[in-house]
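Read the structure below first, then the notes.
Residue numbers begin at 1 in each chain, while the letters A, B, ... track the order of the sequences.
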Number of protein chains: 2
Amino acid sequence: MAGVSQTTVSLVLNGKAESEVRISPETRDRVLQVIRDTGYVADPAARRLAERRNRIYGVFTYEAVFPAESADFYHPFLVGIEECAEEAGCDLLLFTSAKAAQRERRRIFSAESRIRLADGCVLLGRTVDRDDLVRLLAERIPFVSVGRRDDAGGPVPYVGADYPPAVRALVARAAALGHRRMAYVGVGRGAESYADRLRGFIAGVAETGAEGLHLTTTAGLFESGATVVFAEELADGAAIAEAALARGLDVPRDLSIVALGAPTRPVSTDIDFTGFRIPRREMGRRAVELLTRVLERGGNPQELLACELVDGSTLAPVPDER
Amino acid sequence: MAGVSQTTVSLVLNGKAESEVRISPETRDRVLQVIRDTGYVADPAARRLAERRNRIYGVFTYEAVFPAESADFYHPFLVGIEECAEEAGCDLLLFTSAKAAQRERRRIFSAESRIRLADGCVLLGRTVDRDDLVRLLAERIPFVSVGRRDDAGGPVPYVGADYPPAVRALVARAAALGHRRMAYVGVGRGAESYADRLRGFIAGVAETGAEGLHLTTTAGLFESGATVVFAEELADGAAIAEAALARGLDVPRDLSIVALGAPTRPVSTDIDFTGFRIPRREMGRRAVELLTRVLERGGNPQELLACELVDGSTLAPVPDER
DNA sequence: TTCCGTTGCTAATGCGCATTAGTGCGACAT
DNA sequence: ATGTCGCACTAATGCGCATTAGCAACGGAA
């Protein structure tokens with residue numbers, strides 16, 4: 001329509017006239033006019049094939065991104081991811097098809113995996129399969145994990161929440177209020193985030209010279225003599241508060257509770273727990289930023305974002321007498 | 001690695017051995033073994049280019065899919081969309097990049113539009129630009145709108161909520177309770193969904209022989225003598241209830257309120273409004289199903305899903321005496 | 001022996017773009 | 001008249017796949 005070759009259109013479209021090849025302003029305008037008239041848009045698939053770049057970022061989650069019920073674990077991360085992708089002019093590809101079989105966890109790699117269609121990928125999940133990480137690294141697929149990950153045959157690019165300092169600070173605060181016997185309730189392993197919390201607790205206890213005990217479940221908590229309990233997740237904190245109430249204990253007068261991870265959004269409990277806020281949205285944003293950087297300059301960036309302490313009302317001075 | 005040509009691998013990969021071309025079982029197994037060993041996955045971009053099919057469905061929304069605040073309008077639809085896409089083995093491409101400029105609404109068509117990368121597209125939004133619809137139809141891009149749309153140079157494929165019968169049923173119910181003077185509060189136009197509600201109201205009033213009035217805002221409502229008010233949206237209903245309370249009116253004793261569209265999730269108000277439930281999740285599911293059908297067999301399907309009535313507690317018999 | 005049909009595979013092509021190595025042409029110098 | 005150079009553009013190629021036409025080898029029928 002403009003009487004020029006496909007090459008010329010491509011050059012005009014990509015504004016490459018500056019470099020080596022030259023296109024006269026008249027021709028350029030003519031081409032641009034036709035593009036405007038017809039609304040021509042380059043085929044993204046062909047572009048990807050030729051250019052090896054798409055401006056599409058994949059988002060992988062092991063469960064549904066849009067959960068029907070349940071408190072939404074992914075949502076705050078995704079808010080940040082979408083914000084940042086929008087600013088970067090990128091589209092997001094959700095790997096919803098990744099479910100291997102009925103009722104099974106999604107898989108990153110499958111026969112039909114469209115992961116390579118994206119320029120890179122953001123990984124979401126409390127835990128990530130080690131095998132998946134190994135393979136992502138081995139195949140040199142650009143990605144960034146949201147949440148710290150242990151090495152998997154090499155350093156994993158991530159942006160995580162910096163749990164240990166936050167937990168240590170809370171332990172210190174409890175110690176300052178006179179608590180000498182503290183309990184951590186939770187598995188403290190499995191997910192890196194749990195391990196990090198427990199690590200922070202242990203470090204904090206060591207620093208303050210307090211006595212620390214680690215309980216996997218609530219069993220034995222009330223007999224342990226602990227005056228403050230650090231709950232691995234908010235849900236645990238709520239359960240402990242309820243159990244305490246059932247025993248006629250007042251929180252925080254008789255028992256202080258610290259929740260390691262503030263709620264995403266208003267949850268069933270109306271207790272205003274002392275603890276910290278996981279910067280989920282910021283983590284999502286930062287993950288996309290890092291992914292962009294990885295795509296441009298490579299590297300395996302690892303970042304930890306600080307957790308802001310939340311005062312709340314469940315941490316009080318230790319009772320004088322029991 | 002298997003000592004065969006690229007063609008053979010392609011044939012094995014796509015299980016085309018049945019039709020015309022034949023591959024011996026031994027060769028097939030050998031190829032499959034290598035594929036398994038290496039974890040080879042076909043490049044989706046190249047595949048799309050050659051095959052003109054992707055198993056990627058686009059999802060277009062005019063605002064953020066993951067909103068930071070505000071009641072989430074899109075979420076229930078997306079739950080259904082993701083569920084169905086997962087079952088169909090499709091990935092979802094969110095067009096987050098579509099924002100033309102700062103603070104502006106997203107655009108379907110832009111210079112960089114990746115919409116053609118997807119096999120088809122699901123459109124979400126209270127309203128959809130008519131120009132966008134026209135162009136989608138003109139360019140024969142397969143798509144399905146969630147929400148009924150007026151023709152745009154041709155019938156628009158959609159799955160919508162069937163408002164008129166639901167509103168009519170509620171009007172009839174009010175009439176059966178003795179109400180003779182009813183008000184509709186809302187714009188009643190702009191979005192097809194508003195127009196449909198108002199249409200249902202007008203039809204219902206005509207059927208029952210009641211007196212119906214249409215108010216764009218709450219102004220004048222309490223002086224109108226209406227004993228029941230149909231609020232276009234739940235938020236309107238909540239505002240009306242509050243205003244009524246401020247005037248010392250009891251809902252529903254003095255004034256009945258019907259909310260045309262139940263809340264997505266628990267909102268600020270704790271009033272249990274009489275009204276109907278918009279089948280958002282089902283609409284999302286159905287949209288994906290229809291898109292799949294369109295891709296396979298073409299056509300411009302249009303479907304309306306019934307809204308289930310919600311009893312609630314804000315519709316009562318008309319007061320004997322005012 | 002020749003001819004044909006079948007089996008099992010591959011060479012070649014095109015999808016729509018980005019990129020590279022040219023090519024034709026006019027201006028200018030020799 | 002001949003050579004040289006820069007300008008404005010194009011032909012050709014490759015990206016990784018699906019697809020189609022075709023080819024070699026072999027066996028059985030004539």
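At whole-Å resolution of the value, CZ in A:Arg116 and P in D:dG16 are 10 Å apart. Rounded to an integer number of Å, the gap from B:Arg30 CZ to C:dG8 P is 13 Å. Residue A:Leu117 contributes atom CG, which lies 19 Å from atom P of D:dC15 at whole-angstrom precision. Rounded to whole Å, atom C1' of D:dC17 lies 12 Å from atom CG of B:Asn54. Atom CD1 of A:Ile23 and atom P of C:dA18 are 13 Å apart (whole Å). Distance CD (B:Glu26) to C1' (C:dG8): 10 Å, rounded to an integer number of Å. What separates CZ of A:Arg53 from P of C:dG16 is a distance of 24 Å, to the nearest Å. Per the geometry, CG belonging to B:Leu49 stands 13 Å off P belonging to D:dT19, to the nearest Å.
Considering only the side chain of A:Thr8, D:dC9 comes nearest among D:dC9, D:dA18, D:dC15. Comparing atom distances between the A:Asp43 side chain and each of D:dC17, D:dA18, C:dC17 picks out C:dC17 as nearest. In this structure, of D:dC17, C:dG16, D:dA11, it is D:dA11 that holds the atom nearest to the side chain of A:Ser5. Listed nucleotides C:dG8, C:dT10, D:dC17 differ in distance to B:Arg22; the shortest reach to its side chain belongs to C:dG8.
Nucleotides of DNA chain D nearest to A:Thr27 and A:Gln6 differ in position, and the one nearer the 5' end is that of A:Thr27.
In this structure, B:Arg52 does not reach the D:dA18 phosphate: none of its side-chain N or O atoms is under 4.0 Å from OP1 or OP2. Note on B:Arg48: every side-chain N or O is 4.0 Å or more away from OP1 and OP2 of D:dA18. Regarding contacts with the backbone of C:dT10, every side-chain N or O of B:Thr7 stays at 4.0 angstrom or more from both OP1 and OP2. When the side-chain nitrogen and oxygen atoms of A:Tyr40 are compared with OP1 and OP2 of C:dC17, one or more of them lie within a distance under 4.0 Å. Phosphate proximity of C:dC9 to B:Ser24: present, with a side-chain N or O under 4.0 Å from OP1 or OP2.
Side-chain contact annotation: B:Ser24 with B:Thr27, donor-acceptor N/O pair under 3.5 Å present. A donor-acceptor pair shorter than 3.5 Å can be found between the side chains of A:Arg36 and A:Gln33.
Residues B:Asp131 and B:Phe109 fail the side-chain proximity criterion, which asks for heavy atoms closer than 4.5 Å.
Relative ring orientation between A:Phe95 and A:Phe60 is described as tilted, the plane-to-plane angle lying within the 30° to 60° band.
Ring pair A:Tyr62/A:Tyr74: centre-to-centre distance not below 6.0 Å.
When heavy atoms are screened at a 4.0 angstrom cut-off, B:Val4 is found touching the sugar-phosphate backbone but no base atom.
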